[in-house]
Trainee: 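Handing you a structure now.
Keep in mind the model is a prediction, meaning the values are calculated, not measured.
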Amino acid sequence: SRLGGRFIASHIRIPDGGPVPDYEHYHRVRFQMIYCYRGWVRVVYEDQGEPFVLEAGDCVLQPPTIRHRVLESSPGLEVIEIGCPALHETHRDLDIELPTGLVDRQRSFEGQRFVRHVAREASFSSSVVPGFEARAIGLDSATDGLAEARVARLVEPTSEWISHDAEFHFTFVLEGEATLEFEGEPALRLTTGDAVTIPADEGHRWGPVSADFELLEVSLPARPRFSS
């Protein structure tokens with residue numbers, strides 16, 4: 001409700017591992033992604049081949065209406081799910097059985113493609129956010145510029161205030177601690193598991209961070225402009 005019902009971010013935990021009582025279903029959404037934070041989960045998606053395992057650091061983009069199913073999870077599974085809008089329709093599909101036996105990596109689901117990001121195959125490079133380096137999840141081209149997600153770490157702190165023009169800029173502290181300041185406001189001390197959305201045109205800067213500090217960032221559009 002703080003963002004007018006346009007977005008929702010959920011930190012989901014499954015304490016007990018084993019088979020998940022799920023079924024083939026799909027969502028009517030503008031945007032939806034799942035980031036595996038702790039543990040692992042086995043999933044299957046329409047026309048994307050055999051079931052596969054998402055491990056910690058991996059991520060998927062779930063395009064609108066793609067049929068999928070959660071099959072099994074490790075004990076202590078934790079995922080971060082970002083969706084737009086906050087309330088969206090979920091429908092069961094009784095006419096499909098996954099896997100379908102087809103592999104179509106370029107299939108369009110209402111203008112978006114499925115993305116599976118494997119953390120161990122990715123590398124860090126310069127980020128669109130000043131002072132950070134990041135490994136991009138790869139949602140930009142798959143959503144035609146609608147959204148991007150990154151795992152980021154601060155490499156060059158700055159004393160300058162920066163701002164962005166994004167519709168939505170979400171950050172979740174994956175590891176470590178950091179100070180986040182907003183102009184005219186008391187500094188926030190963020191620790192592992194904390195999350196914050198940074199409003200557009202709001203001057204802010206990152207203060208001291210721990211050596212293991214890492215963020216999950218999600219922004220709409222994919223390439224917001226940052227200025228100081």
Side-chain angles (χ1 to χ4, degrees), residues 3 6-10 26-37 41 43-69 79-86 88 98-100 102-153 155 162-172 174 197-198 200 214-227:
L3 295 174
R6 291 178 297 136
F7 296 94
I8 187 168
S10 303
Y26 63 95
H27 310 285
R28 294 200 177 277
V29 291
R30 177 187 177 207
F31 169 75
Q32 188 176 44
M33 59 161 278
I34 306 290
Y35 179 89
C36 186
Y37 181 36
V41 59
V43 292
V44 61
Y45 285 88
E46 181 182 3
D47 292 354
Q48 305 305 312
E50 294 298 311
F52 61 88
V53 172
L54 283 176
E55 300 178 334
D58 295 350
C59 181
V60 291
L61 172 72
Q62 293 185 169
T65 73
I66 189 171
R67 276 59 172 172
H68 56 283
R69 182 178 177 183
V79 300
I80 309 302
E81 179 178 333
I82 312 294
C84 172
H88 50 262
L98 300 178
T100 60
L102 300 175
V103 178
D104 184 358
R105 306 295 187 200
Q106 300 304 311
R107 179 176 170 182
S108 175
F109 296 87
E110 298 193 1
Q112 297 182 30
R113 299 192 312 274
F114 175 79
V115 171
R116 176 189 175 189
H117 173 84
V118 180
R120 65 174 180 271
E121 298 175 356
S123 58
F124 282 79
S125 59
S126 59
S127 174
V128 297
V129 183
F132 281 81
E133 65 176 6
R135 59 174 172 90
I137 301 300
L139 312 185
D140 188 344
S141 62
T143 61
D144 194 24
L146 173 66
E148 183 57 280
R150 310 166 194 83
V151 172
R153 52 196 184 199
V155 293
I162 60 173
S163 62
H164 65 77
D165 66 351
E167 175 189 0
F168 178 69
H169 188 71
F170 168 84
T171 62
F172 178 90
L174 297 169
T197 54
I198 301 176
E214 277 195 346
L215 281 176
L216 172 65
E217 299 175 339
V218 181
S219 61
L220 281 78
R223 295 179 294 277
R225 290 189 296 272
F226 282 81
S227 59

Trainee: Measure across Tyr26 and Ile66 and return the closest heavy-atom pair with its distance rounded to 0.1 Å.
Mentor: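 Nearest pair, atom of Tyr26 first, then Ile66: CB-O, 3.5 Å.
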
Trainee: Quick one: does Val43's side chain get under 4.5 Å of Phe52's, heavy atoms only?
Mentor: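 A side-chain contact under 4.5 Å exists here.
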
Trainee: So which heavy atom on Cys59 is nearest to which on Tyr35, and how close?
Mentor: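 In this case the closest contact between Cys59 and Tyr35 is CB-CD1, 4.1 Å.
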
Trainee: Ala142 and Leu61: which non-hydrogen atoms are nearest, and at how many Å?
Mentor: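 Smallest interatomic distance, heavy atoms only, reads CB-CD2, 4.1 Å.
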
Trainee: Minimum heavy-atom separation for Arg116 and Val60, please, with both atom names.
Mentor: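 Smallest interatomic distance, heavy atoms only, reads CA-CG1, 4.2 Å.
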
Trainee: Testing Gln112, Arg113, Glu46 for side-chain contact (heavy atoms from CB on, under 4.5 Å) with Arg107, which one passes?
Mentor: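 Running side-chain contact (heavy atoms from CB on, under 4.5 Å) over Gln112, Arg113, Glu46 with Arg107 returns exactly one hit, Glu46.
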
Trainee: Could you tell me the separation between the CZ atom of Phe109 and the CZ atom of Arg67, rounded to the nearest 0.5 Å?
Mentor: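 It is 8.5 Å, given to the nearest 0.5 Å.
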
Trainee: Is there a donor-acceptor pair closer than 3.5 Å between any side-chain N or O of Arg225 and the backbone N or O of Arg223?
Mentor: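 No: the side chain of Arg225 does not pair with the backbone of Arg223.
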
Trainee: Roughly how far apart are Ile162 CD1 and Ile198 CD1, rounded to 0.5 Å?
Mentor: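 So the CD1 of Ile162 and the CD1 of Ile198 are separated by 7.5 Å.
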
Trainee: Is the number of heavy atoms from other residues, nucleotides or ligands within 6.0 Å of CG (Asp144) greater than 12?
Mentor: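 Counting neighbours around CG of Asp144, 12 or fewer heavy atoms of other residues, nucleotides or ligands fall under 6.0 Å, so no.
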
Trainee: Please answer whether the main-chain N or O of Gly83 pairs with a side-chain N or O of Gln32 as donor and acceptor at a distance below 3.5 Å.
Mentor: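 Such a contact is absent between Gln32 side chain and Gly83 backbone.
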
Trainee: Quick one: pull up CG in Leu216 and OG1 in Thr171 and give me the separation to the nearest 0.5 Å.
Mentor: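 Leu216 atom CG to Thr171 atom OG1 measures 8.5 Å (nearest 0.5 Å).
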
Trainee: Taking Arg153 for the side chain and Leu215 for the main chain, is one N or O donor matched with an acceptor at less than 3.5 Å?
Mentor: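 Pair absent, no side-chain N/O of Arg153 close to backbone of Leu215.
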
Trainee: Write out all pairs satisfying side chain to side chain donor-acceptor pair (under 3.5 Å) with one or both partners inside residues 121-131, taking only residues at least two apart or from two chains.
Mentor: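 Sorted pair list comes back empty.
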
Trainee: Counting only N and O atoms by type, is there a donor-acceptor contact under 3.5 Å from the side chain of Asp58 to the main-chain atoms of Ala119?
Mentor: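 Yes; at least one donor-acceptor contact below 3.5 Å.
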
Trainee: Which residues pass the ring-ring contact (aromatic ring centres under 6.0 Å, His included) test with His68, sequence neighbours left out?
Mentor: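 Per chain and number, His68 pairs via ring-ring contact (aromatic ring centres under 6.0 Å, His included) with His25, His27, Tyr45.
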
Trainee: Side chains of His88 and Arg28, heavy atoms from C-beta outward: is any pair under 4.5 Å?
Mentor: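 Of all side-chain heavy-atom pairs linking Arg28 with His88, none is under 4.5 Å.
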
Trainee: I need the Asp47 CG to Gln106 CD distance, nearest 0.5 Å.
Mentor: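 Separation between the atoms: 12.5 Å.
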
Trainee: Okay, side chain of Glu217, backbone of Phe170: is any donor-acceptor separation there less than 3.5 Å?
Mentor: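 The answer is no, because no donor-acceptor pair under 3.5 Å joins these two groups.
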
Trainee: Is there side-chain contact between Arg30 and Leu220, with at least one heavy-atom pair below 4.5 Å?
Mentor: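 Contact flag for Arg30/Leu220 side chains = yes.
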
Trainee: Shortest non-hydrogen contact from Ile137 to Arg150?
Mentor: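 Scanning both residues, the minimum pair turns out to be CG1-N, 4.0 Å.
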
Trainee: For Phe168, which residues count as a ring-ring contact (aromatic ring centres under 6.0 Å, His included) partner, sequence neighbours excluded?
Mentor: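 Phe168 satisfies ring-ring contact (aromatic ring centres under 6.0 Å, His included) with Phe7 once adjacent residues are dropped.
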
Trainee: Could you measure the distance from the CD atom of Glu167 to the NE2 atom of His164? Nearest 0.5 Å is fine.
Mentor: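 Here the interatomic distance stands at 11.0 Å.
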
Trainee: Which distance, rounded to the nearest 0.5 Å, do you find between the CG of Leu139 and the OG of Ser219?
Mentor: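 One gets 9.0 Å once the value is rounded to the nearest 0.5 Å.
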
Trainee: Over all heavy atoms of both residues, which pair between Cys36 and Leu54 is shortest? Give the atoms and the distance, please.
Mentor: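 It is SG-O, 3.7 Å.
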
Trainee: Report yes if some heavy atom in the side chain of Val218 is under 4.5 Å from a heavy atom in the side chain of Phe172; otherwise report no.
Mentor: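 No, too far: nothing below the 4.5 Å cut-off.
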
